[in-house]
Structures are given as C-alpha cells and as structure tokens.
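The first residue of the sequence shown is numbered 1, and numbering continues consecutively from there. These numbers come from a predicted model, not from an experiment.
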Amino acid sequence: MKQLSGLDATFLYLETPQMPMHVGALHLYELPAGFRGRFATALRRHIKARLPATPVLRRRLWWMPLNMANPAWVDAEPDLAQHVVEEPLPASAKAGDGLPELQKAVGRLHAQLLDRHRPLWKFFVFEGLAPSAEGRRRVAVYTQLHHAAVDGQAAVALANALLDLTPAPRAMEARTRRRDQTFKLGMTEMLRGVIGHQAQKVAQIIRELPSTVGTLGSAAGGAVSRGALPWLTGDKGGGKGRGGAIGGSNLTLAPRTPFNASVTAGRAFAAVTLPLAEVKALGRAGDATVNDIVLWLCSTALRRYLAKRHALPRKSLIAAVPISLRERGDTTADNQASLSLVNLGTNIADPRRRLAHVKAATASMKSTMGSLKGILPTDFPSLGVPWLLEAATALYGRAKVAERIPQVANVVISNVPGPPLPLYLAGARMLTNYPTSIVVHGVALNITVQSYDQSLDVGLMADAAAAPDVATLADALRVAMDDLRVLAGSHEADLAAAREGAPGLVGLTTRRLRAAVDATIGRAAAEAASQVTSRVASGMTAKAATRVASQVASQVASQVASKVASQASQVSRGALAAATGWMKAPAKKKAKTQPSRPAPRAKSPSPPKKTKPRRKATTSA
C-alpha cells in the first residue's frame, strides 16, 4: 500500500461530473502490411505482456475510513476487456483523414468519468478509417489516464514502457509477483498508517521551514529588483501594448474572456500538427526557444480568434504554464509539477514586438521560479482535507463563482517534450500524438503541445459551451505558423538591408511597400477563391470550372498589378512626406524659440513714449 501524496489526491477531490480529471492522447496508427483481425485484440495481448513493467496500469484506489485522509494505491489486476474497448465511427470517417470524426468522438468520451472501482485508465480503439497513402490500414487509439496517477512526464515514461522502437515488440523480462493480489487492511492498521503518515509530514514541514523562509525571502527580493511585483514597484502591469521588457506583467489578474466561465459536462476537442524542425529553425532565427515559439503561436492564434468574435480584451491574456519539478531520470508514476504565469502579450499588434514580449515574460518566469522549484510542495498533511476540498469544489461549481471573481489566468498552455523518433504499439506505427488534457472552472481552455518524431502535435481541449468552435482556434494556429514564417522572412530581409548599408528611409519604404503588396495579394487571392468556389458550387463540370478559374486568375492578375502600383505610389508619397518632415523639423524648433523674447515688447505702449521728446525739440526751436 502507498498513500497518495497531497498533490495526487487533490485531482481526486477536484473531480466532479463537470470536471473530469483524466488526461490522455489521441493517436493515429498505421498497421503493418498483412495485418489481419481486430487491433483491439492485438492491443490487449500486447498490454497483458507489458503489465509487469507498468505498475500504474495495475493498481486501484483504497479509501481510508470515513474518507478522513488521502486514499492509497493497492495492487489490482485489470480486466483488459473492460479497459481496452472498441468505439465505432460514422461512415464519413472513410471519406477523408477521419480527423473531424475522431475529434468529435474524443470530445464526447473525454467528458465521461473513469470508474474508481477499477484501475484508473481506459483505451478506446477506433476502426473504420480510410487507409494511408500506401494503402495500409489505419486505426486510432484514444487513451485516458487519471491525473491522480500521472503527470505529463510520468505519462511519457508509461508510453516508453508500452511502445517500441521497431515494429517487432521487444522481449520483456518475466517478473514473478511477490504476494497475492488480494489486499485487505483492518481498521486499526489503516488508522495507524494514516496518523503515522500525517505526523511524518508535519515533522518534515517543521524541519524544512527555516530554509523555505530564506528561499522565499531571496526570491521576493529578486522579484522586486526585477520589477516582478507590480504592487510594490508601482507598475500596474500589462501596459498599453508597448514591447520591450515587461517587468511585473506576469503577476497580474487576467482580463475577462469567454474562457473564464464555469465549465459544463460537455467538451470540444481539436488537433493540429506543426513541423518541429521548422519551428526550431525559426526560433533560432529569432533567438527564441521552442517554448517561446509555442507561446507566441498560441498568443497570435488567441488574438486572431478573439478579435474575430469582438472579444479581444485591451489587457493581455495570461497563460498558466505547468512546470515540472521532477528530477532528471525520475520516472515514478505520480505528479511532480506546479503552475507559473506568463503574460502572452495579446494586446500587442506588432508580431515582432509580441515575440520580444513573450521572450521577456518567459525569462522573467524562469528567473522567478528557478529558485522556488526546490521548495514547492507536492505532498502535505491531508487529515480532513478530503471533506474540505470536495465540499469547496461542489460549492464553487454550483454557485458559478468563476464568473463572479477575477481570475489569475485565461488559458492553460503546456509544452511536453516527447520522443524524437517514430514509435510502435503492438506492431503498428504511431503517426500522431495529440494530447488531451483538463479544463476547470474559470479556465475553460487547455492547449497542450507534445513533440513526437518530427512534429509538434497540439491538442486543444475546451468546454463545449465556452468554445464550441475550438476547431477554428486550431485553424488560427496554422495561420499563426504562416505568420511566423513571414516574420522570419521579414527579419532576414531587414538584416540584409542593414548589412548592405541601406538608409533608414529606404528600409522603411521597403517594409511599407512589402506589407502593402502582401495585403493586396492576400485580398485578391481571397476574392478569387470565393469567386471560383461560388461558381463551382453551382454545379458546373470540371472543364468549365477550369476555364472559370483561368478567367478569374487573369482578372486577379490585372487587379493586383493596378492595386500594387497604386499602393507603391501611396507609399512613395508617404515616404517623401516623411523625409520632408524630418528635414523641416529642426527649422520649426528655431522658429518657435526666436520670437519668444521680443513678443511682449510689441504689445507694450512704447511708441507714445518715443514721440514726446520730438515735440519738445520742436517747441524749443
């Protein structure tokens, strides 16, 4: 028996029908040539052979008397017929890649709670997908693992035990069980264990208290010196959209968005794949890490998604970013993670300045959390905690407290490193690895990214009422990737112009002209696509559609040429006006300063004083 840590058990107490607390992934697999039979049957055989190496799959919960403290894990043999099940797909899944049907199925299944009387995991197998380009059968597997049993890194360790590097499964060493599977504890033994565990945790807290206070003091001092505490330095955070260092903007309340709502029992899921090698290369070009680029992509996609719905707040969105507290090489099946906050800079329109903002925000977060990782607790005394947490969670959801109080974050964004090479399950090659994670009251959107092979697989889980069109946000991530390519190309062009010694005005004119041309071509292409789509939808033949497309293309070419010439003329006039303004600016300053002194004399009655001496001279003569 092993009692759950405080952090592990918290995921049990927070779970309600509206907030399932399991994580997992949606995998697409390509079966080997000549495979016959049902993949679910082959998967059950494979998992049965790997059970000795995967203790997380063969343990269940053992509850303490009166639920007075955290439960414990005890050994249990899983019924694989109940844990590996087949799930049907509609016939439309054979028409394309089947991803829309799979996303809808995952959204429906993710809302279902796991059975706490069994080991807390379940695999769903989907048959009926269209074959691959090579004509091989494809299947999908959606996995569910309770967050009380694993965090992101522990799930990766479990995958390493189940998956192989080659289509031929590796041989596993047979392990004999040391005791019978029947587990019984008397009331006296359980109470003794609970009280002893609580006493150990209290003693540990007292023993570590001096070093914890010292670490907190030094971390707070460093945060103040960096401006990371806005209420102490006078910085209100967020700013007005200017780039550069952000200071304390990580530590500020999040603005109100559609995602800051109480969640319902429904879920919506979407997935997207991005090229990992290109993301790394573009990150190096901008002196940014993969994590920086992931946050920038999410920031750009969220900004576009909310702006189209007229729901983009003036203040920047805040992301809750999980950080791992796990030591290198630690593969234990438990939770060792915490959360930090990162300002996404969604209030900054310029993509380059937003990237600089995100880089500064992540650097600030790392410098603050680096010294605190060693003291963040993952276990604590739990006597009476189950009653309090379960009651508070139920009240929080029923009263819709999340919609009445400010939130600290708008979205959860997690980036989990995965294997850099292809893997196999029961002989089938894994093609994708889309993570599925948790949404909670007040934060109804979770974006989890995991690298696999040469891809970044992104899973977007949202509450079905808060973001039913989460697939549109996934499309916005694809567009953000195009924005990143344009941003990198623009950056390289500006660097080349600087190396060639181009004047500042020339560089400015070039950038304005390039932006004008890109905008003109983009609008023309959209209009052309709309014309062709509308005409093809009317029911014309393929030959007629080709002729229409050719005519539209010629019209668009002439329109683009005229519009580009007009835009170039406007940009040139603007550049000339800017140059004239720059040259005349110093003269205007002198004109303002020269007449400042004689101005009062012109208003004084000095002329009458000058005429009096003249009259005297005349009379004396």
Legend entry - Qualifying residues under ring pair (Phe, Tyr, Trp, His ring centres under 6.0 Å), relative to Tyr29, sequence neighbours excluded: His27
Legend entry - Set of salt bridge (Lys or Arg N to Asp or Glu O under 4.0 Å) partners for Asp475, sequence neighbours left out: Arg478
Legend entry - pair Leu421-Leu165: side-chain heavy atoms closer than 4.5 Å: yes
Legend entry - Side chain proximity check, Val294 to Leu456, heavy atoms < 4.5 angstrom: yes
Inset, instruction - Please tell me if the side chains of Arg354 and Asp350 come closer than 4.5 Å, counting only heavy atoms from C-beta onward. - result: no
Inset, instruction - Report yes or no: is the cationic atom of Arg309 (NZ for Lys, CZ for Arg) under 6.0 Å from the centre of the six-membered ring of Tyr305, at an angle within 45° of the ring normal? - result: yes
Legend entry - Flag side-chain contact, heavy atom, 4.5 Å: Met21 against Leu14: yes
Inset, instruction - Kindly indicate whether the side chain of Leu484, heavy atoms from C-beta on, has any atom under 4.5 Å from the side chain of Ile293. - result: yes
Inset, instruction - Could you list the residues that satisfy salt bridge (Lys or Arg N to Asp or Glu O under 4.0 Å) with Asp482, not counting sequence neighbours? - result: Arg485
Legend entry - By side-chain contact (heavy atoms from CB on, under 4.5 Å) - contacts of Tyr142 (at least two apart): His22, Leu26, Val106, Leu109, His110, Phe124, Phe126, Gln144, Thr436
Legend entry - Set of residues satisfying side chain to side chain donor-acceptor pair (under 3.5 Å) with respect to Gln407, sequence neighbours excluded: none
Legend entry - Qualifying residues under side chain to side chain donor-acceptor pair (under 3.5 Å), relative to Arg137, sequence neighbours excluded: Glu127
Inset, instruction - Output all residues satisfying side-chain contact (heavy atoms from CB on, under 4.5 Å) with Lys104, sequence neighbours left out; order by chain, then residue number. - result: none
Legend entry - Ser455 (side chain) donor-acceptor with Asp457 (main chain) under 3.5 angstrom: no
Legend entry - Under the side-chain contact (heavy atoms from CB on, under 4.5 Å) test, residues paired with Ser262 that sit two or more places apart: Lys400, Ala402, Glu403, His441
Legend entry - With sequence neighbours excluded, residues passing salt bridge (Lys or Arg N to Asp or Glu O under 4.0 Å) with Asp483: Arg304
Inset, instruction - Using the test side chain to side chain donor-acceptor pair (under 3.5 Å), find all partners of Arg256 that sit at least two apart in sequence or belong to another chain. - result: none
Inset, instruction - Kindly write out the residues that satisfy salt bridge (Lys or Arg N to Asp or Glu O under 4.0 Å) with Asp463, not counting sequence neighbours, or none if the list is empty. - result: Arg267
Inset, instruction - Measure from the side-chain N and O atoms of Trp296 to the backbone N and O of Ala288, and report whether any donor-acceptor pair falls under 3.5 Å. - result: no
Inset, instruction - With sequence neighbours left out, write down each residue that passes side-chain contact (heavy atoms from CB on, under 4.5 Å) with Val458, or none if nothing qualifies. - result: Val272, Leu274, Ile447, Val449, Leu460, Leu477
Legend entry - Note, Val412 side chain near Leu445 side chain (heavy atom, < 4.5 Å): no
